[in-house]
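So the structure is just underneath, and the comments pick up after that.
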Amino acid sequence: MSTRIRSAPRRPAVAVPSPGQITALQAVREYPAISLLLTTTPAAELAHADLLRLEALAGQAVERVRAELRPEAAAPAVRRLRDLVDQARRGPAATALAVYASASTGDLVRLPVPVRDRAVVDPTFATRDLVRALHRTPRHLVLALNAGQARLFDGVADSLLPALTRAFPIRAARPVALGRGGPTGPGGPTGRPARTPTTSGGSMRRSARTPGCTRRRW
């Protein structure tokens with residue numbers, strides 16, 4: 001009689017916004033900038049109850065935007081908001097969710113900390129909860145090296161993404177081949193000129209003295 005072993009349910013990865021992501025959102029200055037924030041249940045996909053709350057918040061934001069702007073002015077942000085809500089419906093859920101939509105910008109951020117449910121329509125996005133989540137989660141940097149390049153990664157909790165900097169990746173001007181004896185280049189395994197084999201005493205001496213010649217160590 002065989003016993004069937006059930007695998008443990010997959011734990012959703014801890015989601016944390018990166019500093020570059022927060023900075024980019026804070027730089028947006030346009031109206032309407034729609035922010036939706038709500039606490040969710042961590043799972044492989046957004047729970048139905050959480051989806052209903054998200055759609056209710058989106059409805060509040062759209063109603064306000066349409067009341068303040070002409071239809072053609074409101075349409076780009078509203079269209080982007082609907083696309084993000086649809087994306088959140090199909091994706092995983094963390095402890096909280098933040099949705100940001102404007103005419104030129106759209107972002108979906110999953111957070112490891114609970115938030116106060118709300119819909120905000122302002123000239124800037126509501127990013128305070130993102131900053132709070134970032135400060136409560138330790139960060140680390142990973143430098144990956146190989147013979148051809150160096151890359152820098154920004155790690156936060158379970159996520160590891162390429163660092164948002166123009167300084168990396170750094171590519172080698174002349175690739176170095178790795179051999180059994182280490183990096184190789186002109187002249188030998190270390191890139192230095194090859195040395196003449198020595199005697200057991202560690203030095204090379206001439207077998208006989210000739211006029212004008214002296215002993216020479218290598």
Side-chain angles (χ1 to χ4, degrees), residues 3-22 24-26 28 30-69 71 73-139 154-161:
T3 303
R4 187 174 181 179
I5 301 176
R6 293 185 179 182
S7 59
R10 186 177 179 181
R11 180 177 62 88
V14 178
V16 181
S18 68
Q21 187 178 23
I22 297 175
L25 289 170
Q26 291 175 335
V28 174
E30 62 181 332
Y31 192 87
I34 303 172
S35 306
L36 307 181
L37 296 112
L38 75 156
T39 296
T40 56
T41 302
E45 65 179 39
L46 191 65
H48 181 67
D50 294 337
L51 176 59
L52 294 179
R53 291 165 46 231
L54 175 62
E55 291 177 338
L57 290 175
Q60 295 175 20
V62 170
E63 183 177 353
R64 176 178 170 183
V65 169
R66 287 178 172 169
E68 297 178 356
L69 300 175
V78 171
R79 188 182 309 114
R80 194 178 296 273
L81 179 64
R82 286 176 174 170
D83 291 342
L84 289 169
V85 170
D86 186 60
Q87 181 180 340
R89 176 189 293 111
R90 300 191 305 269
T95 303
L97 178 67
V99 180
Y100 298 102
S102 68
S104 64
T105 304
D107 206 352
L108 186 66
V109 186
R110 295 172 178 87
L111 302 172
V113 296
V115 299
R116 178 174 60 85
D117 292 10
R118 62 194 186 278
V120 182
V121 180
D122 274 331
T124 59
F125 290 128
T127 59
R128 181 177 301 176
D129 289 309
L130 274 64
V131 175
R132 178 168 61 91
L134 180 63
H135 288 172
R136 290 186 57 178
T137 308
R139 290 182 55 207
D154 190 1
V156 184
D158 294 342
S159 66
L160 189 65
L161 300 172

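These figures come from a predicted structure and were not determined experimentally. All values below were derived from every heavy atom in this structure, side-chain atoms included, with hydrogens, water molecules and symmetry-related copies excluded.
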Might you point out which heavy atoms bring [X] and [Y] nearest each other, and give the distance in Å?
{"X": "Leu36", "Y": "Ala61", "value": "CD2-CB, 4.1 Å"}
{"X": "Phe125", "Y": "Thr105", "value": "CE1-CG2, 4.1 Å"}
{"X": "Asp129", "Y": "Val115", "value": "CG-CG1, 3.6 Å"}
{"X": "Arg110", "Y": "Ala88", "value": "NH2-CA, 4.4 Å"}
{"X": "Ala33", "Y": "Ser102", "value": "CA-CB, 4.2 Å"}
{"X": "Leu97", "Y": "Leu54", "value": "CD2-CD2, 4.0 Å"}

Identify whether the distance between the nearest side-chain nitrogen and carboxylate oxygen of Arg53 and Asp50 falls below 4.0 Å.
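A salt bridge links Arg53 with Asp50.
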Quick test of your reading of the model: are Arg90 and Asp86 salt-bridged, counting only N-O distances below 4.0 Å?
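Answer for the salt bridge query: yes.
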Does atom CD (Glu63) have a neighbourhood of more than 12 heavy atoms from anything else shown, all under 6.0 Å?
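No.
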Enclosure of Glu68 CD (heavy-atom neighbours >12, cutoff 6.0 Å):
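Enclosed: over 12 neighbouring heavy atoms sit under 6.0 Å from CD of Glu68.
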Roughly how far, to the nearest 0.5 Å, is the [atom2] atom of [Y] from the [atom1] atom of [X]?
{"X": "Leu46", "Y": "Leu38", "atom1": "CG", "atom2": "CG", "result": "7.5 Å"}
{"X": "Asp107", "Y": "Leu84", "atom1": "CG", "atom2": "CG", "result": "7.5 Å"}
{"X": "Arg132", "Y": "Arg128", "atom1": "CZ", "atom2": "CZ", "result": "10.0 Å"}
{"X": "Gln26", "Y": "Gln21", "atom1": "CD", "atom2": "CD", "result": "11.0 Å"}

Take Leu111 and Thr95, measure what side-chain contact (heavy atoms from CB on, under 4.5 Å) needs, and give me the verdict at the end.
CA-CA 6 Å; Leu111 302 172; Thr95 303; over 6 Å; no
Under a 3.5 Å distance rule, please check whether Thr40 uses its side chain to pair with a backbone N or O of Ala94 as donor and acceptor.
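Yes; at least one donor-acceptor contact below 3.5 Å.
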Is there side-chain contact between Ser35 and Asp122, with heavy atoms separated by less than 4.5 Å?
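The answer is no, as the side chains (C-beta and beyond) never meet within the 4.5 Å cut-off.
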